[in-house]
Amino acid sequence: MPELPEVEVYRAAAQAVVGRTVAGVAVRDPRFVRGGVAPGELASRVTGRRVTAARRRGKLLVLDLGGGRSPAVGGLRLGLRFGMTGRLLVDGAGPIERLLHSSGRAEPRWDRLVLRFVGDGELVVRDPRMLGGAVLDPDEDALGPDALTLTLAELATALDRSAAPLKARLLDQSKVAGIGNLVADELLWRSGLAPARRAGSLDEAERRRLARAAPSTLRLLMRRGGSHTGDLMPARAPGGRCPRDGAELRRSTVGGRTTWWCPLHQH
DNA sequence: ATTGTGGCCTGCCCGC
DNA sequence: TGCGGGCAGGCCACAA
């Protein structure tokens, strides 16, 4: 599913439309537009503007849009979220062909948002389950520091004095941005930390382990090709055993999410 | 403020 | 073979 590694791939693909001008916007399902903005308003405000940058913060892809027809009006930003099954297609090609837990088929009704560009080309968000969405001027400040460049100090701020389970805190995008369920399990497994630990209970050495593991694990997953390529992933199933020590993995629910972890080396 | 829970959305897979 | 139920989880509204 789209976590930070996948959205980073989407961002790189979206660089191809930087410099192009939006000729038209098709919102194929009005529910895909989030944030209380009418689909028609989003379409009319985005149309005619030039894409000046494609950025990522956490799992959010942001297209910066220039002034367009009325330069005095100033810029605008279009935020794209991919939920669990959202794929990005640029000029007909998807940088990621298949997502875990999603279909690789191409039903026309799954193309929830289409940006057509002046001249040629288009950008499409194809999201079968429609847990993603498009947001006009997303509140980027509501997101925590990006997990790919997470520092020890940022992690300490995110965890300190919190009574929430450690994993729930890592999944909270306002505390750390970009970590989803699979990456969270992989990260905690690599760090030897139990997902249900109180976030604020980590000592200095444990915080340091986790802070070091976050960027390096994300980079490893990006090299391997996605958030589903972790070492723990094949064992996340009934009867699965820890790839490190062979203990039978436990399955529980933490932060409302299915969680697999090793009772032998995660404390 | 913090933390927890349920709902949304729908394709897919399993068991009957 | 068809059918129904459960599952997947990112995000948000809402409750305590």
Side-chain angles (χ1 to χ4, degrees), chain A residues 1-8 10 27-37 39 56-62 79-88 96-113 125-136 138-144 146-147 157-188 195-201 226-228 230 232-240 251-261:
Chain A
M1 59 222 54
E3 298 189 34
L4 189 151
E6 283 77 15
V7 180
E8 181 60 26
Y10 294 163
V27 180
R28 298 280 168 75
D29 191 310
R31 294 170 299 178
F32 197 69
V33 176
R34 317 282 180 171
V37 173
R56 179 192 61 76
R57 179 145 175 185
K59 305 174 195 171
L60 180 72
L61 179 63
V62 181
L80 299 177
R81 297 203 327 265
F82 298 91
M84 183 179 169
T85 59
R87 290 175 57 208
L88 185 74
I96 294 177
E97 287 299 323
R98 188 67 204 264
L99 288 169
L100 190 67
H101 296 134
S102 183
S103 173
R105 282 160 42 220
E107 294 282 343
R109 70 177 187 279
W110 294 344
D111 292 354
R112 312 295 182 178
L113 180 79
V125 180
R126 178 175 296 165
D127 184 2
R129 284 177 210 174
M130 211 167 58
L131 290 166
V135 189
L136 216 49
D139 183 3
E140 296 179 54
D141 291 335
L143 294 170
D146 196 81
T157 300
L159 303 183
D160 275 358
R161 289 182 295 282
S162 170
L166 176 56
K167 181 178 174 180
R169 201 74 174 178
L170 293 176
L171 291 173
D172 185 339
Q173 301 301 299
S174 72
K175 301 300 182 294
V176 177
I179 296 175
N181 198 43
L182 296 183
V183 171
D185 277 5
E186 179 78 13
L187 212 47
L188 293 170
R197 272 280 295 278
R198 301 297 103 178
S201 75
S227 56
H228 61 290
L232 179 67
M233 191 62 208
R236 288 177 94 261
R251 179 196 156 131
S252 49
T253 298
V254 181
R257 296 289 164 256
T258 300
T259 300
W260 294 87
W261 58 287

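Judged by distance alone, with hydrogens and angles left aside, the side-chain atoms of A:Arg129 form no donor-acceptor pair with the main-chain N or O of A:Met84 at under 3.5 Å.
Residue A:Arg31 is in sugar-phosphate contact alone, with no base atom involved, counting any heavy-atom pair closer than 4.0 Å across all strands shown. Among the heavy atoms of the strands lying under 4.0 Å from A:Gly83 are primed sugar atoms or P, OP1, OP2 only; no base atom is included. Among the heavy atoms of the strands lying under 4.0 Å from A:Ser162 are primed sugar atoms or P, OP1, OP2 only; no base atom is included.
Close to B:dG11, at under 4.0 Å from its OP1 or OP2, lies a side-chain N or O of A:Trp110. Within the 4.0 Å cut-off from OP1 or OP2 of C:dC12, at least one side-chain nitrogen or oxygen of A:Arg81 is found. Taking 4.0 angstrom as the limit, A:Thr85 places none of its side-chain polar atoms (N or O) nearer than this to OP1 or OP2 of B:dG11. Residue A:Arg129 places none of its side-chain N or O atoms closer than 4.0 Å to OP1 or OP2 of C:dC11.
At a threshold of 4.5 Å between non-hydrogen side-chain atoms, the residues A:Phe32 and A:Val125 count as touching.
Along DNA chain C, the nucleotide nearest A:Phe82 and the nucleotide nearest A:Arg251 are compared for position; the residue whose nucleotide lies closer to the 5' end is A:Arg251.
Using a 4.0 Å cut-off on heavy atoms, the residues of residues 178-187 of chain A that approach DNA chain C are A:Gly180, A:Asn181, listed by number. If you check residues 163-177 of chain A against DNA chain C, the residues with a heavy atom closer than 4.0 Å are A:Gln173, listed by number.
If one axis is set at each end of the helix from B:dT2-C:dA16 to B:dC16-C:dG2 from five pairs, those axes are 40° apart, to 10°.
With hydrogens and angles ignored, no donor-acceptor pair closer than 3.5 Å exists between the side chain of A:Arg257 and the base of C:dA8.
Atom CG in A:Leu182 sits 5.0 Å away from atom CE in A:Met233 (nearest 0.5 Å).
Taking 4.0 Å as the cut-off between side-chain N and carboxylate O, A:Arg56 and A:Asp146 count as a salt-bridged pair. The pair A:Arg109-A:Asp29 does not count as a salt bridge, with every side-chain nitrogen at least 4.0 angstrom from each carboxylate oxygen.
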